[in-house]
Each structure stands twice: as structure tokens, then as C-alpha cells.
Protein chains: 2
Amino acid sequence: MTTEEKIFNAARIVFQKKGFAGARMQEIADEAGINKAMLHYCFKNKQQLFEAVFMKAFSQLAPQINTIFNSEKTVFEKITQFTHDYISFVIENPFLPQFIIQEMNNNPEFVMSILNHENRPNPTLLIAQIEKEIETGIIKPIKPKQLLLDIFSMTVFPFAAQIMVKGILHLSDTEFKQMMEERKTIIAQQIINSIKK
Amino acid sequence: MTTEEKIFNAARIVFQKKGFAGARMQEIADEAGINKAMLHYCFKNKQQLFEAVFMKAFSQLAPQINTIFNSEKTVFEKITQFTHDYISFVIENPFLPQFIIQEMNNNPEFVMSILNHENRPNPTLLIAQIEKEIETGIIKPIKPKQLLLDIFSMTVFPFAAQIMVKGILHLSDTEFKQMMEERKTIIAQQIINSIKK
DNA sequence: ATCTTTATTAACCAAAAGGTTAAACCAAAC
DNA sequence: GTTTGGTTTAACCTTTTGGTTAATAAAGAT
């Protein structure tokens with residue numbers, strides 16, 4: 001592992017745990033097991049290091065969504081596949097959702113600039129498809145954007161609010177993980193069940 | 001408005017926008033229109049000022065939940081009332097969910113200590129009730145905790161991830177607010193529809 | 001009026017944090 | 001072996017930040 005990779009991984013860990021404002025360059029250096037000056041040798045400054053980490057995190061999440069949303073499947077198939085794949089991915093990266101949401105709120109300008117080009121999550125095609133299937137009579141007349149919001153809410157929220165969820169529902173780490181495993185299939189069933197005609 | 005109230009309100013605004021680590025005492029003082037030394041005259045230090053703000057925020061959210069969850073209504077009525085009332089409240093305090101979730105993740109020790117006494121959200125009664133209604137045959141056989149998680153996810157997530165949601169679904173402030181108004185009734189319909197026998 | 005207590009401020013302080021520098025290290029090239 | 005280039009570090013610098021202090025203003029009490 002190159003020094004740059006060591007720094008990047010350390011930065012990812014610290015930024016995801018503490019957020020941009022709470023993270024300390026010294027802590028990142030310690031985590032990486034190198035001198036603080038090396039951070040600035042490899043990355044210009046804290047902001048740029050953070051942007052590298054954030055961009056990576058975001059670019060891991062976003063394209064997945066598009067691939068599924070813009071495939072040739074039916075809406076029901078897409079919902080089933082998305083919830084399953086997304087939860088599988090986030091179980092392996094449980095800090096990502098909270099990290100992205102938090103920094104989006106604390107740093108909207110920077111994040112919006114990312115959202116404006118690249119392979120950002122783009123639901124327009126899926127929305128059109130939902131409208132079509134509503135006309136065809138496959139799906140009940142609902143608002144597509146509300147449906148999308150439901151899907152995202154049910155998949156992402158439990159991870160974003162992980163600590164609170166564990167606290168209120170009295171879940172151990174393993175119980176939580178097991179609930180999330182169940183959700184891989186439950187969510188799609190539940191949603192499809194409530195919108196199919 | 002007393003000076004202490006001015007400080008508290010200013011602190012609430014700044015903490016909710018920037019989080020604990022990102023907030024600056026000077027910024028809070030400016031927001032309150034007073035000298036920085038007054039902060040320390042009224043509140044011992046940043047941590048205590050933050051805890052006051054956080055506690056207030058949390059104590060606004062939590063008891064509401066209990067009142068509804070432990071009332072004498074049916075599960076369907078509780079779901080309907082909770083989603084409606086909760087969204088109404090959060091529309092007026094749109095920064096609260098993200099604020100609480102963020103600080104829970106960044107400061108778990110402190111927050112868990114709050115979750116351990118007081119009138120914390122306690123779903124045990126509601127869970128028992130759900131199990132009973134499943135036996136009675138009113139509700140399909142589902143896992144109560146998954147149901148609770150669905151309800152929270154659908155109500156809270158859109159506010160916690162507000163910026164991202166607006167960005168991805170291309171919503172203006174008013175469009176977002178209108179969607180949330182709709183959700184006051186949509187969510188309960190959707191959930192009840194998918195779990196009633 | 002004067003004294004005492006409570007608010008409020010400007011100026012200051014020490015520690016923390018991000019960032020820089022100049023020197024040391026260490027490989028490969030000659 | 002010495003030079004040359006990129007790495008790495010210890011020590012240092014500057015700015016920011018939370019927090020303090022000592023002096024001032026305002027408000028009650030006597």
C-alpha cells in the first residue's frame with residue numbers, strides 16, 4: 001500500500017467518524033502511521049483531502065443507482081433489485097450514508113457542485129417509466145416522486161440513523177445487521193404490495 | 001427576550017446549521033448580537049451550551065412520540081396520527097432530525113446517556129400491541145420492529161436528507177414542503193394498506 | 001446619593017489546529 | 001562512491017478558537 005493510499009484510507013476513517021469539521025489532520029496522520037507533513041505532501045490541504053474522500057464515497061454510491069434505475073427491467077423488478085443491492089452494499093459500508101448526508105447539510109455549496117454533472121443519480125427515466133406503468137394499469141395512481149422517496153427512505157434511513165435506531169429499538173450490532181438482511185427483501189415486498197393494482 | 005434566550009436561540013441556529021464541531025462561539029455571539037464573553041457568562045462553555053440546545057431539541061421530539069405510541073388507540077390510528085403530527089411538527093423545525101442524527105453519530109457517548117433515562121422514545125408497548133393485533137388477525141404477520149423502522153424511515157428521512165432529496169428529485173423549497181404536506185396522509189395509507197389483512 | 005450586585009464589554013491569553021520549511025533519508029542512476 | 005530525485009520527518013510558524021480578565025455600565029438596595 002502506497003503512502004498516498006494509507007493517507008486516503010486513514011482520512012476516510014476519520015472523516016466518516018468525525019465529519020469534516022470534527023476531523024483533525026493530526027488524527028489522520030496518526031491513523032495512517034505517518035508524519036503530518038506527509039498529508040500536505042500528498043494532498044494540498046484538508047479541504048482537498050476531504051473532497052477526494054467524499055468524491056470517492058459518492059462515486060461508489062451514485063452510479064449503482066443509475067445502472068439499476070436505467071436498466072430494461074419493470075418497475076417492480078427495479079425496486080426489488082435496487083433495495084437488495086443497495087442494502088448489500090451499505091452493509092459493507094455502513095458509514096457512507098450518514099457521512100454523505102451530514103456533509104451535504106454542512107457544506108451544501110460544494111456538494112451541489114458535484115450533483116450538477118458527472119454520473120449523478122438521475123431518476124427522470126424511472127419516473128417516466130412509473131408514469132407509464134400507472135397508465136397501463138400495473139401500478140396504482142401514485143406520485144412517482146413520493147414512491148422514490150419511500151424507497152430511498154426505507155433503505156437509507158436505518159443506516160443514516162443507525163445509532164439512534166439501535167438505541168430506541170434496543171438492537172445489538174448483530175441484531176441490527178440481521179434486521180438489515182431481512183430488509184433486503186422485506187422493503188420491496190412491502191412497497192410493491194402497496195402500489196400494485 | 002432575555003440575553004440568555006438570545007444566546008440560546010443563536011446557538012440553536014448555529015449548532016443546527018454547522019454541528020457541534022463546525023460551530024464557532026464567535027459566530028453564535030454575532031448571531032445573538034452580543035459579546036462573546038457573555039456566552040461564557042450565561043453558559044459555562046461550548047459543550048454545556050450545546051448540551052442545552054441538544055437536550056431541548058431532543059425533548060421536543062421524544063415525548064410527542066411516546067404520547068401517541070402509548071395512547072389507547074388502535075395500531076392503524078396510531079400510525080395515522082403519528083405520521084401526521086410528526087411531519088407537521090418537523091415542517092416547523094426542519095433542521096431537528098438531521099441535527100439529532102448527526103450529533104448522535106459524532107457524539108454517541110453523550111447522547112446514549114440521554115437515551116438511558118428521561119422520557120425517551122419507548123416503543124415496547126406499541127410493539128406488544130402490534131403483536132396482539134397480528135394474533136387477532138387485523139394485521140398481517142410482520143416483524144413489529146421492521147414496521148416501526150418503516151414508519152420512522154418514511155417520516156424522518158426526507159427531512160434528515162433534505163438537501164440531497166431536493167437535489168436528486170429537483171425540488172424547490174416550496175415543492176419540497178408541498179410533498180411533505182402530502183406525506184402527512186400518504187405514508188399512513190401506504191403502510192396500513194400493505195400490512196392490513 | 002451611595003453602595004452593591006448584576007450585566008456587558010474590550011482586550012487579552014493559551015492551546016489547538018492547519019500548514020510550512022529545511023534538513024535528513026533513501027533509493028536508483030551514473 | 002557520489003550525485004540526483006523523490007520521500008519523510010522534526011521543528012517551526014501563523015491563524016483560529018475557546019476561554020479569561022479586568023474594567024465599565026446598569027440596576028437595585030439602603
Side-chain angles (χ1 to χ4, degrees), chain A residues 1-57 95 99 102-111 113, chain B residues 1-57 95 99 102-111 113:
Chain A
M1 189 159 52
T2 76
T3 305
E4 198 170 316
E5 286 170 337
K6 275 194 284 187
I7 293 175
F8 186 89
N9 286 333
R12 209 191 51 216
I13 291 170
V14 176
F15 277 133
Q16 285 185 359
K17 189 155 67 188
K18 306 275 181 85
F20 177 79
R24 299 288 158 241
M25 294 298 267
Q26 187 59 57
E27 195 182 346
I28 295 174
D30 293 347
E31 178 76 36
I34 47 103
N35 187 286
K36 189 164 62 103
M38 274 307 287
L39 300 184
H40 299 283
Y41 181 74
C42 295
F43 298 85
K44 207 173 70 204
N45 53 30
K46 191 184 181 186
Q47 181 69 29
Q48 201 203 280
L49 179 53
F50 172 79
E51 289 185 11
V53 169
F54 186 90
M55 208 76 94
K56 175 83 173 299
F95 290 102
F99 174 62
Q102 169 168 332
E103 297 309 326
M104 265 182 148
N105 279 332
N106 292 341
N107 218 331
E109 326 75 42
F110 158 62
V111 179
S113 71
Chain B
M1 188 160 49
T2 77
T3 304
E4 198 169 316
E5 287 169 336
K6 276 194 282 186
I7 293 175
F8 185 90
N9 286 333
R12 208 190 52 216
I13 292 170
V14 176
F15 278 134
Q16 285 185 0
K17 189 155 65 186
K18 306 274 179 86
F20 176 79
R24 299 286 158 246
M25 295 298 266
Q26 186 58 59
E27 195 181 345
I28 294 175
D30 293 347
E31 178 75 36
I34 48 102
N35 187 286
K36 188 164 63 103
M38 276 307 286
L39 300 184
H40 299 283
Y41 181 75
C42 295
F43 298 85
K44 208 172 69 206
N45 53 29
K46 189 183 181 185
Q47 181 69 28
Q48 200 203 279
L49 179 54
F50 172 79
E51 289 184 11
V53 169
F54 186 90
M55 208 75 96
K56 177 82 173 302
F95 290 101
F99 174 60
Q102 169 168 332
E103 297 309 328
M104 264 182 150
N105 280 330
N106 293 341
N107 219 331
E109 326 74 43
F110 158 63
V111 178
S113 71

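For the numbers below, each heavy atom of this structure counts, side chains included, while hydrogens, waters and symmetry mates do not. Within every chain, numbering begins at 1; the chains are lettered A, B, ... in the order of the sequence lines, protein sequences first and strands thereafter.
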- Just wondering, do A:Ile13 and A:Ile28 contact through their side chains at under 4.5 Å, heavy atoms? no
Side-chain contact test, heavy atoms from C-beta onward, threshold under 4.5 Å: evaluate it for B:Thr3 versus B:Ile7 and give yes or no. yes
| said: Do B:Glu5 and B:Asn9 pair up side chain to side chain, a donor and an acceptor below 3.5 Å, judged on atom types alone? | reply: no
If you restrict it to nitrogen or oxygen atoms, what contacts under 3.5 Å exist between nucleotides 23-25 of chain C and the protein, and what is each distance?
none

Length of the [atom1]-[atom2] vector between [X] and [N], whole Å:
{"X": "B:Met38", "N": "C:dT8", "atom1": "CE", "atom2": "C1'", "value": "6 Å"}
{"X": "B:Tyr41", "N": "C:dT5", "atom1": "OH", "atom2": "C1'", "value": "9 Å"}
{"X": "A:Glu4", "N": "D:dT8", "atom1": "CD", "atom2": "P", "value": "11 Å"}

*asked:* Under 6.0 Å between ring centres: does that hold for B:Phe43 and B:Phe50?
replied: no
Requested in this report: Would you mind classifying the nucleic acid contact of B:Leu39 as base, sugar-phosphate or nothing, using non-hydrogen atoms under 4.0 angstrom?
Outcome: nothing
Side chain of [X], backbone of [Y]: donor and acceptor closer than 3.5 Å?
{"X": "B:Lys17", "Y": "B:Arg12", "value": "no"}
{"X": "B:Lys46", "Y": "B:Phe20", "value": "yes"}
{"X": "B:Gln48", "Y": "B:Asn45", "value": "no"}
{"X": "A:Glu103", "Y": "A:Gly19", "value": "no"}

OP1 or OP2 of C:dT8 sitting under 4.0 Å from any side-chain N/O of B:Thr3? yes
Kindly give the atom pairs (protein nitrogen or oxygen, nucleotide nitrogen or oxygen) under 3.5 Å for nucleotides 20-26 of chain D.
none

Expected list for residues 7-31 of chain A near DNA chain C, using heavy atoms below 4.0 Å, is A:Ala23, A:Arg24, A:Met25
Counterpart residues, side-chain hydrogen bond (donor to acceptor under 3.5 Å, both in side chains), relative to [X] (two or more places apart):
{"X": "A:Gln16", "value": "none"}
{"X": "A:Lys18", "value": "A:Glu27"}
{"X": "B:Gln102", "value": "B:Gln98"}

Testing D:dT7, C:dG19, D:dG19 for proximity to the side chain of B:Lys46, the answer is D:dG19
